[in-house]
A.B. asks: 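This is the structure, below, for whatever I ask next.
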Amino acid sequence: FSTDDQTLCLNQEKVLSASVVRPESRMNRYKLVAGGLAVLAVILLAIDIGLGVYYSKLTSGQITDINGEILRLQGVYKSAVQSRDDTRRELEKELAEIAQTKWELEHQKKRNRDYEKQVDKLQVEISALKSHLPLIKEGCRHCLPGWSFIQSTCFYIPFSDTVARRSWLQARQFCTNQGGDLAVIDSLEKTVALTNLISSYHDSTRAMHLSGFWIGLRDVEEEGTWKWLNGRRLTEGYWNDGEPNNQNNEDCAATYPRANPFKAWNDAPCSYNLKWICEMVPRYSD
């Protein structure tokens, strides 16, 4: 062999001897590896078991905390619902009290308006009585009690609602029983004075057709020819617009409490029941 061949053979022998020689050493190495793997498996198992236990504890604790939180939230919700219901009941109670107060206020306003109307009515009546007082004083000197002295004549006017209304003939009978007759209003001065007087006592809530006063004027003898009870023919009348119209066989005249005394008269059926105005000659002796 050459030198190179000898070197190659020596190297192969070394390798062969390294692979064949020391079998005990190889077995020891396998045992060490197997033992290490076994220990590693045991450690991994222990770790796995530990992690499982930890996870179980952790999961159980979380569930317990979640259940507790749910119970707490349910309690908070129930408390909020109860508070809402209590607040709603209080609100409904307050609204009911506000509505009651509003109704009472409206009722009081209505009563105040009624009182104001009554006060206005009383003031009108007081003013009428004050204006009528001189007539009464003069009447005490020249007229019977209850009669008023107006335009040098005694007049009786039943303003009180306790006095029943009468037909024209019944009203005239009352006047003649007192020694007088139904009023003859044959001058502007009498018309203005009597219209103002009965207007001051007029109740505005009463219908106008029930507020008239019979006077001593009619056209029973000849339709359209109006005569006073003393026989004189009417020369100047103070009729309302469109009157007299004899609409329902209206043969008797009545005066009404109108603002315009020049339009105070209407003709009406003599059978209607109205108030009346009596007239009497005054007494001038003391």
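Since we're looking at a predicted model, the values are computed, not measured. Start at 1 with the first residue, then count along the sequence.
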A.B. asks: How close do W168 and L217 get, counting heavy atoms only, and between which atoms?
C.D. replies: NE1-O, 4.2 Å

A.B. asks: If you count the non-hydrogen atoms of other residues, nucleotides and ligands that lie under 6.0 Å from CD in E221, is the total more than 12?
C.D. replies: no

A.B. asks: Tell me the closest heavy-atom pair linking A254 and W214, and the distance in Å.
C.D. replies: CB-CE3, 3.9 Å

A.B. asks: Between K263 and D241, does any side-chain N to carboxylate O distance fall below 4.0 Å?
C.D. replies: yes

A.B. asks: For A171 and R166, work out which heavy atoms get closest and say how close.
C.D. replies: N-CB, 4.0 Å

A.B. asks: Quick test of your reading of the model: are E116 and K109 salt-bridged, counting only N-O distances below 4.0 Å?
C.D. replies: no

A.B. asks: When the side chains of residues 268-278 are checked against the rest of the protein, which donor-acceptor pairs come out under 3.5 Å, sequence neighbours left out?
C.D. replies:
from, atom 1, to, atom 2, distance (Å)
N273, OD1, S167, N, 3.3
K275, NZ, P158, O, 3.1
K275, NZ, S160, O, 3.0

A.B. asks: Of all heavy-atom pairs between R258 and T195, which one has the smallest distance, and what is that distance?
C.D. replies: O-CG2, 3.4 Å

A.B. asks: Aromatic rings W147 and Y156: how do their planes relate, parallel, tilted or perpendicular, breaks at 30° and 60°?
C.D. replies: tilted

A.B. asks: Going by atom types alone, do Q108 and N112 pair a side-chain donor with an acceptor below 3.5 Å?
C.D. replies: no

A.B. asks: Is the shortest side-chain N to carboxylate O distance from R89 to D86 below 4.0 Å?
C.D. replies: yes

A.B. asks: Looking only at heavy atoms, which two atoms of F149 and P282 are closest? And how far apart?
C.D. replies: CE1-CB, 3.6 Å

A.B. asks: W239 and W226: aromatic ring centres closer than 6.0 Å?
C.D. replies: yes

A.B. asks: Do the side chain of D219 and the main chain of E223 share a donor and acceptor less than 3.5 angstrom apart?
C.D. replies: no

A.B. asks: Regarding D161 and R206, does a basic nitrogen lie under 4.0 Å from an acidic carboxylate oxygen?
C.D. replies: yes

A.B. asks: Counting distance only, does the side-chain N/O of T205 pair as donor-acceptor with the main-chain N or O of D203 below 3.5 Å?
C.D. replies: no

A.B. asks: Checking R165 side chain against L210 main chain: does a donor-acceptor pair fall under 3.5 Å?
C.D. replies: yes

